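Just dropping this structure here.
Because the structure is predicted, anything quoted here is derived from the model rather than measured. Lettering follows sequence order; numbering is per chain, from 1.
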Number of protein chains: 2
Amino acid sequence: MDRPDLPLNALRVFEVIMRQGSFTKAAAELRVTQAAVSHQIARLEDSLGVTLFLRSPQGVIPTDEGRLLFPVLEHGFDAIARVLDRLDRRRDIEILSIGVNTTFALGWLMPRLDAFHAAHPEIDLRISTHNNRVEILREGLDMAIRFGIGGWTNHEMIPLLEAPLAPLCAAAMAARLRDPADLQHMPLLRSYRSAEWPGWFGAAQTPCPPIKGAIFDSSLALAELAAAGAGVALLPVVMFDRHISQGQLVQPFATTVFAGRYYLAWRSDRVSTKAMNNFSRWIVAQCRQNQAPTV
Amino acid sequence: MDRPDLPLNALRVFEVIMRQGSFTKAAAELRVTQAAVSHQIARLEDSLGVTLFLRSPQGVIPTDEGRLLFPVLEHGFDAIARVLDRLDRRRDIEILSIGVNTTFALGWLMPRLDAFHAAHPEIDLRISTHNNRVEILREGLDMAIRFGIGGWTNHEMIPLLEAPLAPLCAAAMAARLRDPADLQHMPLLRSYRSAEWPGWFGAAQTPCPPIKGAIFDSSLALAELAAAGAGVALLPVVMFDRHISQGQLVQPFATTVFAGRYYLAWRSDRVSTKAMNNFSRWIVAQCRQNQAPTV
DNA sequence: TCCATCGCATTACCTCAGCTAATGACGAAT
DNA sequence: ATTCGTCATTAGCTGAGGTAATGCGATGGA
C-alpha cells in the first residue's frame, strides 16, 4: 500500500483523547500541556480537512469521522505495544502474549490465572480475547487458544479440551422440559455455526425444528440470554460450570454433541521461548486434570 | 493496555527498511539521508536492548526479533493509512476500502474491475484480501466480502452468489474418474472446513472415505495443488471458471454441495457513503447477471 | 593486488516541529 | 454574578531528528 506520511504522533494524541474524553486529561496522560494537545489536533484536523471533535465545556465529543478512526488506531497501537513488550530483553520477567477465545478465557482460564501466576511468577501473561478469529502474526501474539477441529495452516496445535455442546437454559424453563422433543416448541438461541442445533437433535434422535431469530457470534451473549430466560442455548458445558453450580443455568438433558475442541496454537515458523514452553506445559497439565474451577 | 511511549517514527523507519532491504533505500523512500535512518535504528535498538538487523555490505538482514516485529507494524500502519485515506475529504474521488475473500477477489472480482472503474470512475477502490477472517472495524474497511451462511452480528449483509462446491482436478486425473466411487481411492485435498467432503459424498450418495493429509486455509492453494495433479479438491466452481475454460482444471462430476455463499457486508452502525451504495448496487447487479468473467 | 564501488557508522552541527507559559473566551452550575 | 472547567490562541523556546562530510569494511572486476 502506498502510504502518505502518517502523522503518527498526532494520531497517538487523538487516540488518547478518545479514551480520556477530554484534551486536558489526555494532556495529563501524555505528560504534556493542554496546549500541546490542542495544537496537535488542530493540525491533524487541518491536514485531514475533517473535524474530529465537537468541543464542549464538559469535554469533547467525537464526530462520526472520529469514531471511524478510533478502533483502527486503538487496535494498531495495542498490537505494536504488545510486540515491543516482547522484544524488550531488558526486563527480567518474560512476557507472554496470548489471544484467547472469549468463552475459554472467561469460562476456564480466568478462574485458573492465580494458579498460573503462582506456578510461574516470572511470566507476565498478556491476554487478549477474540471470538475465534485471530491471527497470531498480525496481532503480535505468541500463542492463541481457539475452538475448532484442528487444521490451521502454518501452526502447531495441541488439543486442550473436548467441549461437547448441550442445551443450557434458566431453571424456570428447564422445569418445563421433560423430553428433547419439548425443545421443539421453545425458542432456540442460535450461534454463528448453524449446524449445531441439527447436530444435537440428531444425537438426541429427535427431529430438529427450524431455527429462527437473531444470531450471536459469542457464546457469552447466548449464555446471558439463556440465563435471562430468553430461550435455550447450545453451549460448551465445561465453560459454564460456574453458571451451572450457581443455578443461573441448568442442563436439562445429558445428550451432548461434538462440535470441536479447544486448541493451543502457535506459528510453526517461530522458535518457542521458554515462556511459551512453560505455559504450554502448564495448560496441558491443567486440562488433563479436567477439574472444576477452583473458585 | 498499558502502553509505553511508542517510538512510532522510529518504528516507521524500521518498517520501511524491512520492505526495502537496506538503510540507503529506506532513506530514499523516506526522503531523508541515510544517516538519519542509521540514527533512528541505532536509537531504537538501544532503547529495546535488542539487535534488529545484521549489517552486511550487501544491505541488512533482519534478526529473529526484527522478523517478529515486522508483520505487526506493516499491518497496523496499513490499516491506519487506509482509514486516514477515507477521512481525507479534500479528495474529489471517493475512496472505498473493501476486504475481499481471496478466492472471490481473484476468481470473480478481479476480472470485473475494469468494468467497475468504467462505471464508477469517481470511486477509488482499495482491496485487501483475507481468507474469510476479517474485521471491518479494526482493519479500517468500509465493507467486506466473505463466504459463509450469513449471520454476522452487527453487520448488514447482502447475499451475492451461491457458490456450490464440486470436485475439481487436473485433466489427467479426471480421465480416470468414471463414477463418484472412484474418488475413494484418490488423494482428496482438504480445506479448512472438514465437513465439506462428507457433505459432497452425501450429495453423491456414495460413502465417504477417510480424508487425510495436510490442510490448507485457502481455496487458491487447493486449486494450485489440484491443477498440479496432486489430488482432487472440493472447490466453489464459479470461482474457477477461468481455470476450467483454460483446461487447467476439470470438473469430473456434476454433483455439487451447498456450503455457503458469498456476502457483501458492512457495519450496521455506520452511515453508508455514496461510494458504498454505488458499489453495493453495482456488485449485486453483476452477480444477478451471473455471467462468466469477461476475460 | 589494487582500486572503485557500495554498504552502514560516526561526528559535528543545524533547524523546525512540537513544546511551554500565559492569557482569553465561552458555557454550565450555583 | 461568580466560579469553575473547558478548549483556543499567541509568542517564544528547545531538543529530537535532521544534514553534510567523512570513515571504515567488504566485495568484486581489472
Side-chain angles (χ1 to χ4, degrees), chain A residues 3-63 65-67 69-70 73 77 80 84, chain B residues 3-63 65-67 69-70 73 77 80 84:
Chain A
R3 289 195 199 112
D5 290 334
L6 296 178
L8 290 170
N9 291 324
L11 290 170
R12 182 172 39 185
V13 171
F14 168 85
E15 189 261 354
V16 174
I17 297 169
M18 287 293 284
R19 279 194 284 103
Q20 294 285 359
S22 99
F23 284 22
T24 309
K25 286 178 193 158
E29 174 173 333
L30 292 163
R31 311 201 174 204
V32 296
T33 58
Q34 172 269 126
V37 170
S38 177
H39 279 311
Q40 288 278 13
I41 294 305
R43 204 176 315 135
L44 182 61
E45 289 183 327
D46 194 48
S47 87
L48 291 175
V50 159
T51 303
L52 293 171
F53 293 108
L54 300 176
R55 279 70 166 175
S56 95
Q58 283 74 45
V60 289
I61 301 158
T63 61
E65 286 79 10
R67 271 193 291 271
L69 186 51
F70 179 64
L73 296 178
F77 291 153
I80 291 170
L84 283 186
Chain B
R3 290 197 197 108
D5 290 334
L6 296 178
L8 290 170
N9 292 324
L11 290 170
R12 182 173 40 186
V13 171
F14 169 85
E15 189 261 356
V16 175
I17 298 168
M18 287 292 285
R19 278 194 284 102
Q20 294 284 0
S22 98
F23 284 21
T24 307
K25 287 179 192 157
E29 172 172 334
L30 292 163
R31 312 202 172 204
V32 295
T33 58
Q34 172 269 119
V37 170
S38 177
H39 278 312
Q40 287 280 12
I41 294 304
R43 205 176 315 137
L44 181 61
E45 289 184 327
D46 194 48
S47 86
L48 292 174
V50 159
T51 302
L52 295 170
F53 293 107
L54 300 176
R55 278 72 166 174
S56 95
Q58 285 73 45
V60 289
I61 300 158
T63 60
E65 287 79 10
R67 270 192 290 273
L69 186 51
F70 179 64
L73 295 179
F77 291 152
I80 290 170
L84 283 186

Counting distance only, does the side-chain N/O of A:E45 pair as donor-acceptor with the main-chain N or O of A:L52 below 3.5 Å?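 Present.
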In whole angstrom, what separates A:E45's CD from D:dC7's C1'?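 Roughly 12 Å, once rounded to whole Å.
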Could you tell me the separation between the CZ atom of B:R55 and the C1' atom of C:dA9, rounded to a whole number of Å?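 Rounded to whole Å, this separation is 9 Å.
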Proximity to the side chain of A:R43 - top-ranked nucleotide from C:dA9, C:dG18, D:dG18: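 Looking only at side-chain atoms, A:R43 lies closest to C:dG18.
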Between A:V60 and B:H39, which has a closest nucleotide on DNA chain D that is more 5'?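 In this pair, the answer is A:V60.
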Measuring to OP1 and OP2 of D:dA8, would you say a side-chain N or O of A:S38 lies under 4.0 angstrom away?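 Answer is yes, contact under 4.0 Å.
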Here's a test of your reading of the structure: between A:K25 and A:N9, which maps to the more 5' nucleotide of DNA chain D?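 Result of the comparison: A:K25.
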Is there a donor-acceptor pair under 3.5 Å between the side chain of B:R12 and the backbone N or O of A:L6?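 Yes: the side chain of B:R12 pairs with the backbone of A:L6.
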Find the distance B:L54:CG to D:dG25:P and express it as a whole number of Å.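 Atom CG in B:L54 sits about 19 Å away from atom P in D:dG25.
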From CD1 of B:I17 over to C1' of C:dC8, roughly how many Å is that when rounded to an integer?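 Spelled out: CD1 on B:I17 to C1' on C:dC8 is 11 Å.
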Is A:L84 close to B:L69 at the side-chain level, that is, under 4.5 Å between some pair of heavy atoms?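 Yes, at least one pair of side-chain atoms sits under 4.5 Å.
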In whole Å, I'd like the distance from the CG atom of A:D46 to the P atom of C:dA17.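 After rounding, the gap between these two atoms is 14 Å.
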B:Q40 side chain, from C-beta outward: closest of C:dT10, C:dG7, D:dG18: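 Shortest atom-to-atom distance from the side chain points to D:dG18.
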Nearest-Å distance, CG (B:L44) to P (C:dA9)?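 To the nearest whole Å, that distance equals 13 Å.
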Among D:dC7, C:dA9, C:dG7, the nucleotide that comes nearest once only the side chain of B:F23 is considered: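 So the side chain of B:F23 is nearest to C:dA9.
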Given D:dG18, D:dC7, C:dG7, the nucleotide with the shortest approach to the side chain of A:S22: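 Closest of the options to the side chain of A:S22: D:dC7.
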Closest to side chain of B:V32, choosing from D:dA8, C:dA9, D:dT19: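 Selected nucleotide (nearest to the side chain): D:dT19.
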Any heavy-atom pair between the side chains of B:Q40 and B:I17 that's under 4.5 Å?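 They are not in side-chain contact.
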Parallel, tilted or perpendicular: which one describes the rings of A:F53 and A:F14, with boundaries at 30° and 60°?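 It falls in the tilted class, 30° to 60°.
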Looking only at the side chain of B:A35 (C-beta and beyond, no hydrogens), which of the listed nucleotides D:dT19, C:dA21, D:dG18 gets closest?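 The closest nucleotide is D:dT19.
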Name the closest nucleotide to the B:A36 side chain, picking from D:dA8, C:dG7, D:dT19.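 Side chain of B:A36 sits closest to D:dT19.
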Please give, in whole Å, the distance from C:dG18 C1' to A:R31 CZ?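 So the CZ-C1' distance, A:R31 to C:dG18, works out to 18 Å.
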Are any of A:T24's side-chain N or O atoms less than 4.0 Å away from OP1 or OP2 of D:dG5?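 Checking D:dG5 against A:T24, no side-chain N or O comes under 4.0 Å of OP1 or OP2.
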Any carboxylate oxygen within less than 4.0 angstrom of a Lys/Arg side-chain nitrogen, looking at A:E29 and A:K25?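 No salt bridge links A:E29 with A:K25.
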Send over the distance from A:I61 CD1 to D:dC7 P, rounded to a whole Å.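 About 11 Å, once rounded to whole Å.
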With respect to the side chain of B:T33, which nucleotide from D:dA20, C:dC8, D:dG17 is positioned closest?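 So the side chain of B:T33 is nearest to D:dA20.
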Closest nucleotide among D:dG17, D:dC7, C:dC8 to the A:Q34 side chain: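 So the nucleotide nearest the side chain must be D:dC7.
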